[in-house]
Amino acid sequence: MANRRPLNLGTVISVRGSIVDVLFEKHLPPVYTLLRARKESQIAIEVLTQLDAHRVRGIALTPTEGLARGMAVEDTGGPLKAPVGREILSRMFDVFGNTIDRRQPLSDIQWRSIHQTPPPLMRRSTTSEIFETGIKAIDVLVPLERGGKAGLFGGAGVGKTVLLTEMIHNVVKQHQGVSIFCGIGERCREGEELYRDMKDAGVLPNTVMVFGQMNEPPGARFRVGHTALTMAEYFRDDEHRDVLLLIDNMALRYSVWIR
Ligand SMILES: Nc1ncnc2c1ncn2[C@@H]1O[C@H](COP(=O)(O)OP(=O)(O)OP(=O)(O)O)[C@@H](O)[C@H]1O
Ligand SMILES: [Mg+2]
């Protein structure tokens, strides 16, 4: 790296589940900075608040086993980043943008911060257009808006995931668009099943999958939606393609307590 920063080290002062407080004597990292434990570098923490002039409180995006009071933590100098670009199509990722489909890791790829500002109001479209899903019951009774958001509510096992999969299929096949599927708190088998289904249906080349599953810590599930959103924004803003971003599911998964 050409642009070398001075190393900014902090010390862990408390670990309560996924919530970690870190003391920085010199430079307090800004909110959203990604911190990594020095010794156990797989432990990543995102700064959520600055408690005072020397302490930050963050949420761990990985399990915190092995992290103890007094351990050194390194300021990575930037936020969490997601991979973007055409290369991510047909791949499966975790919250950090690591590929988890056991195929070759991506090399030479562009990374973008997951904390982007939304497009200004003046850049948003003012016309309202129906987005045809091809599922008649939806198009007639509860049409979806292009560029809009829609929520799908239902009890356990009533067919939400199956309906979303059907939509991916239609968007890719009929609209030549891109579908991004983000699984939050899903059962571990579901990602694998979905991957196989997409492959069999032939829609994998225009699909990206991002998972923060139920075995992953709350921090990963808290941020994985942002990783998926960043990828979706790339296809919308840079490639000007129709993107369907599906998040399965959100209910109560975001209840992370920060005191
Ligand atoms: N239209 C349908 N016709 C027949 N069977 C269906 C239909 N939709 C879903 N199913 C079946 O119902 C089961 C549950 O569906 P699905 O996994 O989509 O539920 P879900 O709402 O996502 O559940 P959960 O809340 O537990 O994630 C699946 O085994 C699926 O095969
Ligand atoms: Mg489901």
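Just follow the structure's listing: the first ligand is 1, and inside any ligand the first atom is 1.
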### Query
Protein heavy atom under 4.0 angstrom of atom 22 (O) of ligand 1, is there one?
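Within 4.0 Å of atom 22 (O) of ligand 1, protein heavy atoms are found.
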### Message
Does the Lys NZ or Arg CZ of Arg36 fall within the cation-pi geometry relative to Phe96 - under 6.0 Å from the ring centre and within 45° of the axis?
### Response
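Satisfied, under 6.0 Å and within 45°.
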May I have the list of side-chain donor-acceptor pairs in residues 144-158 shorter than 3.5 Å, sequence neighbours left out?
unit_1, atom_1, unit_2, atom_2, d
Arg146, NH1, Glu129, OE2, 3.1
Arg146, NH2, Asp242, OD1, 2.5
Arg146, NH2, Asp242, OD2, 3.3

Of the protein's non-hydrogen atoms, which lies at the shortest distance from [atom], and what is that distance?
atom	value
atom 16 (P) of ligand 1	Gly159 CA, 3.6 Å
atom 17 (O) of ligand 1	Thr161 CB, 4.0 Å
atom 28 (C) of ligand 1	Val162 CG2, 4.4 Å
atom 20 (P) of ligand 1	Lys160 N, 3.5 Å
atom 12 (O) of ligand 1	Gly157 O, 4.3 Å

### Message
I'd like to know whether CZ of Arg69 has more than 12 heavy-atom contacts from other residues, nucleotides or ligands below 6.0 angstrom.
### Response
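It does not: Arg69 CZ has 12 such atoms or fewer within range.
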#### Entry: Electrostatic pair Arg112:Asp238 at N-O distance under 4.0 angstrom
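Judged by the 4.0 Å cut-off on N to carboxylate O distance, Arg112 and Asp238 do form a salt bridge.
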### ligand 1 contact on Glu166 by region, counting heavy-atom pairs under 4.0 Å
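Contact part for Glu166 vs ligand 1: neither.
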### Message
Is Gly154 close enough to touch ligand 1? Criterion: a residue heavy atom under 4.0 Å from a ligand atom.
### Response
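No; Gly154 lies far enough from ligand 1 that no heavy-atom distance drops under 4.0 Å.
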### Task
Answer yes or no for Arg187: is there a heavy-atom contact with ligand 1 below 4.0 Å?
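Under 4.0 Å: yes for Arg187.
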### Backbone or side-chain N/O/S of Asn249 under 2.8 Å of the Mg ion (ligand 2)
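Here the distance criterion (N, O or S atom, under 2.8 Å) is not met by Asn249, so no.
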### Donor-acceptor side-chain pairing of Tyr234 and Glu239 below 3.5 angstrom
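Side-chain D/A pair, Tyr234 to Glu239: present.
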